[in-house]
Structure formats: C-alpha cells, structure tokens
Amino acid sequence: MTTDVTEPATDRPTPDEDTTSGPRRVAVSLFLLLVFAFPTVTVTILANDVETFSVLDEYPHVDVLRRVEDRSYPRLGERILGETAADVGCRGIGYREVGTCDDPPPVERVDATGYNFQAQQPPGYYIPTAMVRQVTKLFADDFVTSARLTGIFWLSGGLAALWFLLGHLGVSLGARAGVVALVAASPLLLYQSATVTNDASLLLLGVALVFGGSLLDARSSWWRVLAVGSFAALAMLVKPTALLAVGAVSLAVVLRGLHDRPRSLRMLGRLALVAAIPSVFALGAVVGWESVRDARAVTPFDEVFDVVLGSAPESDSVTLGEAVELSGRFLGAYSNTTQGGALNDRDYTSGLAQVGFVLLIAGPAAALVLGGDEKSVFGVSALVVAVVGAIVSVYQYHSTYAIEGGAPGRYALVLIPFFAVSLGHLVTHRRFGVAAITGVAGALMAADVVSALAF
Amino acid sequence: MFRRFLLLSFVAVVTIVLPAGIVALAVQQDPGLSALDEVAHLDYLDRAGDRSFPRMGDVVSDEVARTARCRSVETEQGVACGDVVIPDGPPVVADGYSYEAQHPPLYYWISAGLQNVTRIGPGDNFITTGRLTGAFWLSGGAIMLFLALRRLGVTNAAAGAVCTFLTFSPGLVVSASKVTNDATSLFGGAAILLAYTELRRRPTAAGIAVLTATSIVAVLLKPVNILTVGAIALMASVELLSRVGWRRALVCGATPAAFAVATVVAWQALVEAMAVVEVDVVMDALLGFKKHSDGPPFGRFFLSSANLLAAYDSGRSVVGPGAAGFATIGRVALLGTAAAAGLTGRRTVAAIAGAASVATLVVGGFAFNVQFWLSFGLLGGPAPRYGLSLLPVLAVPMAIAGSRSRRSVVGLWTLASAMGVSTVLGVVLAS
C-alpha cells in the first residue's frame with residue numbers, strides 16, 4: 001500500500017512539456033548546462049589546479065593507462081614505469097613529497113616499493129580512457145592532466161545517461177533537471193571524475209545497471225535476461241566494486257516482482273532465476289578476472305598486498321560490533337568531501353552536500369521503513385545493499401587483506417543512480433519538491449566551483 | 001475493559017518503562033563523568049537543591065569538585081570513594097567557573113525536586129540521583145509525544161513505535177543519563193508539539209496563549225529548544241494559512257516565536273546583570289582555546305549547516321561506537337521520511353512538519369555558527385545534540401505514514417526494535 005509520504009502526485013499539470021518548442025528549448029538548455037557545461041568546467045579546473053596525485057592510488061592508475069596506450073597491461077608484481085615515478089617526483093602524493101622534479105625517486109622508493117598494485121584491476125576502464133585521451137591530449141600539455149580530463153567523458157556520459165533514463169521512466173522535465181543537478185553536484189563524484197581512477201566510471205555503470213534492471217521481470221525473455229546478465233559481467237571488467245549495484249539490481253527485480261504478486265510457484269521460481277542471473281554472471285566475471293590476474297602475476301597477490309597494506313591496521317578478528325559500527329559508511333558516498341583530494345577541507349561543500357544527500361535518499365528511506373510502490377524499489381534495494389554491503393565488506397577486507405575498516409565509502413558512488421531514480425519519481429510534477437532539490441543542488445554546484453577555484 | 005487495560009499497559013511500557021529502563025541502565029553502566037560540562041551542571045543542581053542558583057563568575061563548590069574527582073578516581077582506578085585521599089588538583093575546566101550559570105534555573109530546580117524521588121531508589125549519591133532524574137524527563141517527553149501524535153490522528157501502534165524509536169536514540173539516551181539540561185530535549189520538543197496540536201484544533205487566542213506559554217517554558221528549560229519553537233511557528237503559519245487567513249496564521253506562528261526570543265534575550269540580560277565576573281571573562285576561560293583568531297571565513301558558516309542533522313545518533317560516550325554507528329540507519333530513516341514528506345509540497349500536517357523540521361535543522365546549524373562566531377569568536381557550529389528537541393516534529397511524518405497500513409506499522413516497529421536492541425547492547429557492552 002502506498003503511504004502518505006510517497007504518494008504520487010495527483011495535481012499533474014496538463015501541458016505536454018516535451019512536444020512544444022518552448023519547453024524543448026528549455027530542456028535542451030538545461031541538458032547542455034547540467035550534463036556538459038558544469039562537468040566540463042569543474043573537471044577542467046580540478047584537473048589543472050590540483051597539482052598532487054590523489055592519495056587514492058592515482059599514480060598506479062596513471063601507470064596502467066600508460067601501459068595500455070603502449071598496447072600492454074601490467075602484471076601483479078611489476079613495478080611502475082620510470083615516467084610514472086618521474087611524475088610522482090614532480091607532483092607528490094597528496095600533501096607528501098616523494099623526491100622532486102629535478103631529482104625524481106627511483107621506482108623502488110615510491111610507495112609499496114614501486115609495485116603497480118592497480119594491476120589487480122581489469123582493463124575495462126583503461127581502454128576507453130586511453131582512446132578518449134587521444135582527444136583530451138589536444139587540450140593539455142602533460143599526460144596526467146590530459147588523462148584526468150577524460151573524466152569529463154565519464155561524468156558527462158553518466159549524467160546524460162541518467163537524464164535519458166529518468167525521461168524513459170516518465171520523470172517530468174523539471175524533476176529530471178533537479179535530480180541530475182543534485183547528482184552532478186556531489187563533491188566526491190566530481191573529485192573522482194577529475195582523478196585518474198576507475199571510480200570515475202561508477203556513475204555511468206550505475207545508470208546502465210538500473211536501466212538493465214528496469215528491463216527485467218518474471219516474464220522477460222531469456223535473451224533479454226542473458227543480455228542484462230552479460231552487461232553486468234562486462235561492468236565488472238570496468239570496476240569490480242560495481243558488484244554492489246548488481247546486487248541492488250537483483251534485489252530490485254525481486255521486490256518489483258513481488259509487488260506484482262506472482263500467481264504460481266513456477267512464476268516465483270522464474271522471478272528468482274531472472275533476478276539471480278545478473279549477480280551470478282557478475283560474480284563469475286569477478287572470479288574469472290581474479291583467476292586471470294593471478295595466473296599472469298609475477299609476484300603472488302598476497303605478497304604484493306602485504307607490502308601495499310603494510311602500514312594499515314592489521315585485523316586479527318572482526319567482531320559484529322566493529323562491523324555494525326561501519327554500517328552507515330556507504331551512505332556517505334555522495335557527501336564525502338574528505339577523501340584525500342581537491343575538495344578536501346573545503347568549507348562550503350561539506351554541509352550542503354550532507355543536506356543534498358538527505359534529499360537524495362528521502363524517498364527510498366521512507367519506502368524502506370513504511371512501504372512504497374514499485375517505483376521506489378531501486379532506491380530501497382540500494383539502501384539495503386549499502387547497509388548490508390558495508391557490514392559484509394568489513395569481513396571481506398579482513399579475510400582478503402587482513403586489515404580493519406572494510407571498503408571505502410566511495411565504492412557506493414555506483415548506487416547514486418538508484419537513489420536518483422527514486423527521487424525523480426518522488427518529485428515528478430511537484431513544484432515545491434523540484435524547487436527544493438534545485439535550490440540545494442544549485443547552492444552545492446556553486447560551492448563546488450568556489451572550492452575548486454580556491455584550491 | 002480488558003482491551004482498555006491492555007492499551008494502558010502498552011502505553012505505560014512505551015512511555016514509562018522503556019524510557020526509565022534505558023536511563024537506569026545507562027546510569028548504572030556508565031558512572032564516568034560526561035565531558036559535556038557535567039561538573040558545571042552538577043554544581044548548578046547542587047545549588048538548586050538549596051533553592052539557589054549560580055551567577056556567572058561563581059566557582060564550582062569544593063564539595064562538587066571533590067565529588068567529581070572522587071567519581072573519576074572511582075571510575076578510572078577502581079578505588080572506592082572515601083578510602084583514599086582525594087587529590088587537590090586544579091579545577092576541571094574553565095578555571096573552575098560554574099559556567100552553566102548562563103542557563104536558566106528551571107531544569108535544575110525541577111530536577112532538584114525530582115531528586116527527592118530518585119533518592120528513594122538504590123542510587124545513593126548526589127551524582128547518581130541527579131542523573132536518574134533523566135528518567136522523568138525522558139518519560140515525560142515520551143508521554144507528551146504519544147499524546148501529541150494521537151491528537152494528530154496517529155494510531156496507538158504507530159505512536160508507540162515512534163516513541164520507542166526516539167527513546168532509544170543515542171543522542172537522547174546520553175542526554176537523559178547525565179546531569180545536563182539537554183535531558184529536557186524530548187520533553188521540551190514534545191511539549192511544544194502537543195501545544196501546537198491544541199492550536200491547530202482551536203486557532204483562537206486561547207490556543208495561541210497555550211503554545212506561547214509552552215514555548216516560554218521550553219526555552220527556560222534549555223534555550224536551544226528555541227529551534228523547535230521556530231519549526232512549529234513555521235508550521236503554524238503554513239498549515240493554518242488556508243483555514244484562518246494569512247493574518248491570523250502569521251499571528252499564530254509569530255506570537256510564540258516572538259515571546260520565546262524575548263525570553264531568551266531577557267534571560268541573557270539577566271545573566272549579565274547578575275554576573276559577579278564579566279560573562280566574556282568566564283566564557284573566555286571556557287572556550288578561549290577554541291577561539292579563531294583570523295577573520296570570519298564565510299565558507300565555514302556553511303560547514304556546520306548539516307551539524308544538527310546528526311542529532312538522532314549524536315551520542316557515542318554511553319552507547320559506544322557500534323550502536324552509534326548503527327544508529328546512522330535510524331538517522332537516515334528519520335530524516336528521509338521527513339524530507340520525503342516535505343518534498344511532496346502538500347498542505348498536510350505530515351508534509352509541513354517534514355519540510356519545516358528539516359529546513360529548521362539546516363538553517364539552525366548555519367545560524368548557530370554565525371551566532372557562536374559573533375558571541376564567542378568560535379567556528380565549527382553547534383553540537384548535533386542541539387537539534388535533539390526537534391526530533392518529535394521530525395518524527396511526525398514517520399508516525400502519520402506509519403498509521404496507514406499494517407505493513408507501515410510493522411516497518412516502524414522493526415526499525416524501533418532494531419534501534420532498541422542496538423542501543424541496549426551498546427550501553428551494556430560499552431561499559
């Protein structure tokens with residue numbers, strides 16, 4: 001049953017906003033502004049003004065990209081290239097200097113004895129990024145800056161896809177613009193898009209997975225199910241942590257199917273199978289890639305990560321209390337401004353981003369507690385996966401790396417489109433709601449630009 | 001008859017047994033002194049017991065300082081009070097000033113009276129009996145919240161779930177289990193909400209008078225309760241607009257707000273007039289080390305605009321990091337349901353309460369930061385606990401929506417139970 005807080009609007013305006021030329025011009029203008037102008041301006045400022053490498057492993061990602069452009073791919077245990085070490089010398093890592101431009105460090109003196117530990121990542125992000133860099137290098141003198149500018153492609157691509165997805169799902173123009181603005185304004189999303197890292201792909205992957213999930217139900221043809229499953233597997237070859245989103249897709253398909261009340265046990269079984277296939281395919285892809293990675297390694301995974309994580313707090317065991325303490329970690333992905341970067345310590349963005357996050361998760365939170373209609377299933381699934389995933393990640397990090405703390409909150413950036421879809425449905429044709437999210441998004445976008453310029 | 005008995009038992013459990021139980025458990029499990037100014041609050045309570053109150057510039061009495069040090073010794077070293085010579089150390093903070101003299105005496109006078117009741121129980125010393133008065137404040141708040149929600153059309157089951165959900169908020173548990181006027185947060189907020197339910201029934205001069213009087217009492221319990229007065233004033237102005245016209249709606253909202261502001265300003269003037277040492281000197285002794293020497297960086301004011309959003313899970317000291325971390329889910333659920341209702345922009349009480357409470361928390365965070373800068377030269381904004389009195393208004397959308405179906409009530413009780421279990425386990429395990 002629909003509850004008061006998530007009840008759909010009944011006061012829908014009648015004009016067909018997408019067929020008249022005036023609103024169409026407005027739509028095109030908003031699209032260009034939010035999807036292209038804002039990401040281009042902010043990512044360009046950040047890519048140029050942030051001198052240092054991000055502490056979130058940017059230099060090994062740069063190194064992987066260099067090798068991909070040379071038609072090769074690093075193996076675990078190989079060390080970074082001399083050119084990358086020279087970049088580290090010139091730029092430093094975070095606020096830490098490692099050599100200088102004139103006296104670059106030997107490869108072995110760079111962190112983790114120079115291991116390129118991002119050789120653990122599959123190539124799905126680096127290959128398209130290398131191709132796009134052939135364009136962005138026309139606008140930047142050095143490799144790192146031009147590589148960072150490829151983030152415009154990933155961010156604009158994700159926002160454009162989100163715009164069309166919301167339209168496809170019947171969200172009104174005003175609501176679409178407000179939601180896309182709110183997503184675009186996420187400080188962490190912007191920062192990751194201006195950094196060379198496969199996290200930059202998370203928004204686009206999340207949108208694509210929501211779209212895939214929206215195509216599935218108990219009556220879907222097996223070809224369609226296999227196509228979505230295959231796409232989920234491909235997404236893992238771009239960024240394996242997008243597995244969180246695949247889990248949310250599977251849960252959303254189940255929840256939506258249950259809303260339709262399957263009439264027979266056979267239909268229920270079919271629904272379960274349809275929902276499971278994307279997750280099974282994605283898990284298969286992750287395991288498959290890990291096998292390839294380990295087979296190619298010149299030094300075993302454990303040995304490399306013993307060195308990489310040498311200074312991280314070791315974990316002998318994990319208590320439920322420790323895991324539960326971090327249960328809200330993934331919920332901070334949208335508003336995180338303190339993950340080692342340009343928007344770090346920036347006063348303007350932090351508070352506004354938390355307000356933006358409250359608006360973003362409003363619909364799903366209400367639906368999760370109080371019950372909602374089938375339009376809220378993506379947001380609800382993402383909330384559940386975020387909380388459960390954060391707890392599970394504490395145990396997974398303990399078993400894989402033997403360290404405390406679990407996965408970083410930024411991995412949940414892939415869930416933002418799930419929340420965005422629910423928010424779109426919540427505020428569609430509601431003037432007050434659209435005005436509220438647009439106001440907060442506008443203020444946060446301005447704060448993002450001020451923060452980026454102040455760096 | 002039997003159904004009535006069952007209902008009364010249910011109401012008694014959710015409004016008296018659970019709040020009093022969690023406070024008693026927290027007091028028993030966490031004997032250490034709170035870093036949140038508890039010594040100064042204890043001194044105020046001690047004086048209130050003698051039908052007096054401190055003035056700015058008075059110092060914490062030797063007896064209280066000694067009791068406080070004894071409590072620390074007992075906690076940290078496991079040595080019983082009375083068996084050791086209590087060291088004469090320097091005063092705990094702020095050069096020994098009893099700086100909570102900045103607050104009105106109402107909470108302390110009432111709590112001193114309640115100590116005559118808590119003294120009957122197993123608590124055998126001044127600190128424990130003082131802390132146990134928090135059970136009355138939390139229970140009183142839960143009772144008024146229950147009544148307010150019922151008057152808004154919320155079912156017994158949903159109202160009980162919301163009372164339980166808020167009772168186990170780490171922020172409220174910490175406040176109610178220490179000697180501090182933050183203990184009045186739920187009481188003050190729920191009282192204002194209850195008075196508002198009367199005003200929306202009868203938007204007459206009598207209704208305005210009831211809300212105004214309640215607002216004055218609430219800010220005399222703790223001046224930051226003015227946030228809830230602000231949210232309710234906003235609600236009254238918007239909700240009553242279509243019923244009574246803009247003039248009367250404005251009067252309904254502005255009168256309580258104006259009197260509450262006047263009360264706070266008058267009290268501040270009184271504090272300064274009665275001070276034996278200049279207020280600035282006392283506050284400098286307390287907060288000087290936090291002072292920001294540069295000019296006011298405008299951006300920092302924005303930094304704190306979200307501080308108050310974390311009110312629900314604002315306590316870690318008593319419930320421990322695990323339960324506090326888990327309570328993030330409670331915070332998200334509470335804020336999410338309020339924001340979702342508000343974003344619909346409808347003219348229902350749920351939507352208006354949601355929009356007004358979230359907006360007040362955000363604007364309040366910003367405004368407090370500006371005020372702290374202007375008054376004390378401090379940056380960083382308010383502590384999240386300053387938003388605790390808004391929890392009852394924030395929970396209105398959740399309660400109303402929770403009354404609509406069996407699924408909603410089950411969802412509410414699942415959330416409330418999860419928070420209850422987590423907080424109880426946290427209190428037990430954190431000690």
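- A donor-acceptor pair under 3.5 Å is formed between the side chain of S408(B) and the backbone N or O of L370(A).
- Most heavy-atom pairs under 4.5 Å with chain A, from the set S403(B), G322(B), A323(B): that is G322(B).
- Only the side chain of L415(B) comes within contact range of chain A, with heavy atoms under 4.5 Å apart.
- Across every non-hydrogen atom of L359(A) and A339(B), the tightest pair is CD2-CB, 4.3 Å.
- Using a 4.5 Å cut-off between heavy atoms, L423(A) touches chain B through its side chain atoms alone.
- Of the atoms belonging to A359(B), not a single heavy atom falls under 4.5 Å from chain A.
- Interface residue V332(B): backbone and side-chain heavy atoms are both found under 4.5 Å from chain A.
- In R347(B), the CZ atom is not crowded: 12 or fewer heavy atoms of neighbouring residues, nucleotides or ligands sit closer than 6.0 Å.
- In this structure, A362(A) and L343(B) approach most closely via the heavy-atom pair CB-CD1, 4.3 Å.
- Per-residue heavy-atom pair counts under 4.5 Å with chain B were compared for S327(A), A443(A), A436(A), and the maximum is reached by S327(A).
- Per-residue heavy-atom pair counts under 4.5 Å with chain A were compared for G354(B), A324(B), G342(B), A355(B), and the maximum is reached by G342(B).
- The two residues A306(B) and G351(A) come nearest to each other via the heavy atoms CB-O, 3.5 Å.
- Proximity to chain B is absent for every atom of L326(A), based on heavy atoms less than 4.5 angstrom apart.
- For chain A, the nearby parts of L412(B) are the backbone and the side chain; heavy atoms of each come within less than 4.5 Å.
- Per-residue counts of heavy-atom pairs under 4.5 Å with chain B were compared for V358(A), V427(A), I391(A); the largest is that of V358(A).
- With a threshold of 4.5 angstrom between heavy atoms, A333(B) approaches chain A through its backbone and through its side chain.
- Heavy-atom pairs under 4.5 Å with chain A were tallied for I329(B), D313(B), T328(B); the largest tally goes to I329(B).
- Both the backbone and the side chain of V369(A) come within less than 4.5 Å of a heavy atom in chain B.
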